[in-house]
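All remarks here apply to the structure that follows.
Numbers restart at 1 for each chain; the letters A, B, ... are given by sequence-line order, proteins then strands. Only a predicted model underlies this, so the values are computations on that prediction, with no experimental measurement involved.
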2 protein chains.
Amino acid sequence: MRINIENINLRDQIYEILRDMILQREIGPGEKIGEEELSKKIGVSRTPFREALYRLEGEGIIEIIARRGAFVRRQSRATIIEVLEIREVLEGLVVRLVALNLSDKTLGQLQKCLDNIKDTPDEPSQLIKFTHADEEFHQLLLDACQNQMLKNLMATVNIHLQFIRLRTVVIPGRAKKTIREHYEILDAVAQKDASKAEALMRRHIASVREYATEHIENME
Amino acid sequence: MRINIENINLRDQIYEILRDMILQREIGPGEKIGEEELSKKIGVSRTPFREALYRLEGEGIIEIIARRGAFVRRQSRATIIEVLEIREVLEGLVVRLVALNLSDKTLGQLQKCLDNIKDTPDEPSQLIKFTHADEEFHQLLLDACQNQMLKNLMATVNIHLQFIRLRTVVIPGRAKKTIREHYEILDAVAQKDASKAEALMRRHIASVREYATEHIENME
DNA sequence: TTTTTGTATATTGTATACGATATACAAAAA
DNA sequence: TTTTTGTATATCGTATACAATATACAAAAA
């Protein structure tokens, strides 16, 4: 018998470092990832570095062009819509699964998450709080859904989403609308009405998608 | 200006070779993929070989254990259900998108696909034909949906499905039921009733999932 | 001046080499 | 006989070395 200690290897660590750097815009869309330069800065050789790059390419985060280099993909309007279409059905599945298998602990966490933000005024200075609350609500649901593969897929989808999330919440009056919809979803989940929860979540996400479809002309 | 010739590099080729080998059961579940041995047999060094392995791990196809090796993942009952839950909503999205954007060519191909098989007797000796027709129907829909990211996700999902597809169709009377359901879906698509098409597809996939839930005790 | 072409340089793609660890097996102890 | 422990071997993880090509820049021609 043997305890499976964490798989400590460089490629996994580098993968996460690069993913986070792209997420945090330390490497922006269209920018090149120089192997020699960045791997040296991190302090590893190119071999595990390139393994990480290849996984990122598989997830559609970067594009590797032979003998030219690895580039962070630009999010075109079409790509954003594609991601949001997928997000709609996957988030719907998440909430359906949660409704079918709800623990008191999860219910409490969701409730608290919404209650914490509900009295915050919808002002520009507070927008980051709404963004965090929004992300936390969806993340709590994801953590509670008992489908590991779905969690993995959503992790990738969320990377793509990160590029537009701030822009979608930042609309006058949108923050309060989001919270109202979250409460409705939570009610359905609490009643274990999986179909209703899924339908509400899909409409919630779809409204974000429709906004993006109309307003985002070209993402930089 | 520069024409983007196919990205000819070894890691992409090796990735496809390994994926197909696993798909065709040339390397079975639980089996080890020896780097030295197999890369030598293919005729490449371990470097691009390992890059391919790392992408496969990211897709959940294999598991890499540090200093032990890469192993084809066994499909547990829980994993199969996870995949089928995801497949249900993604296939639903596929058919919704196709209904919203249907070309005459696609409609013709789908029609022909079903007509070709509809008079085949539902006998054990013919089962492989039903399997092929089933795969072709779903693949035609996927090809026609205009969401590249969805195509990529479904490609991965389909690898996982490959392990159980034959077992799900092989039920007395199931083949004819499948064709009937496919015709109903096609009708909804032809009428451009996206919601109906999606709902029918989801029910269709869900019935496969329910069968798997009940009957598959432990996949080898 | 503008365009073209050749060469130097930098960077990626691939192979090989080296270091670390898990596994197998044999030998010794209980 | 059974269990434990030490060592040899094989295989994986990482680093380095070499090969191929894209890019930049300079020189020459138009």
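Taking CD1 from A/Ile42 and CG from A/Leu18, the interatomic distance works out to 5.0 Å, rounded to the nearest 0.5 Å. Atom CE of B/Met154 and atom CG of B/Asn152 lie 11.5 Å apart (nearest 0.5 Å). To the nearest 0.5 Å, atoms CD1 (B/Ile14) and CE (B/Met21) are separated by 12.0 Å.
Taking a pair to require two hydrogen-bonding distances under 3.5 Å in either a Watson-Crick or a G-U wobble arrangement, C/dA27 pairs with D/dT4. C/dT21 is paired with D/dA10 under the criterion used here, namely a Watson-Crick or G-U wobble arrangement in which both key atom distances are under 3.5 Å. The base-pairing partner of C/dT16, taking Watson-Crick or G-U wobble contacts with both distances under 3.5 Å, is D/dA15.
Contact check on B/Arg55 versus A/Glu57 returns a salt bridge, with a Lys/Arg side-chain nitrogen under 4.0 Å from an Asp/Glu carboxylate oxygen.
Ring pair A/Tyr15/B/Tyr54 is perpendicular by interplanar angle, where above 60° counts as perpendicular and below 30° as parallel.
Rounded to whole Å, the distance from CZ on B/Phe49 to P on D/dT14 is 17 Å. Rounded to an integer number of Å, the gap from CG of A/Asp12 to C1' of D/dT14 is 14 Å.
Using a 4.5 Å cut-off on side-chain heavy atoms (C-beta onward), A/Leu200 and A/Glu181 make no contact.
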5' to 3', nucleotides 8-15 of chain C under a 4.0 Å protein heavy-atom cut-off (B base, S sugar-phosphate only, - none) gives ---SBBBB

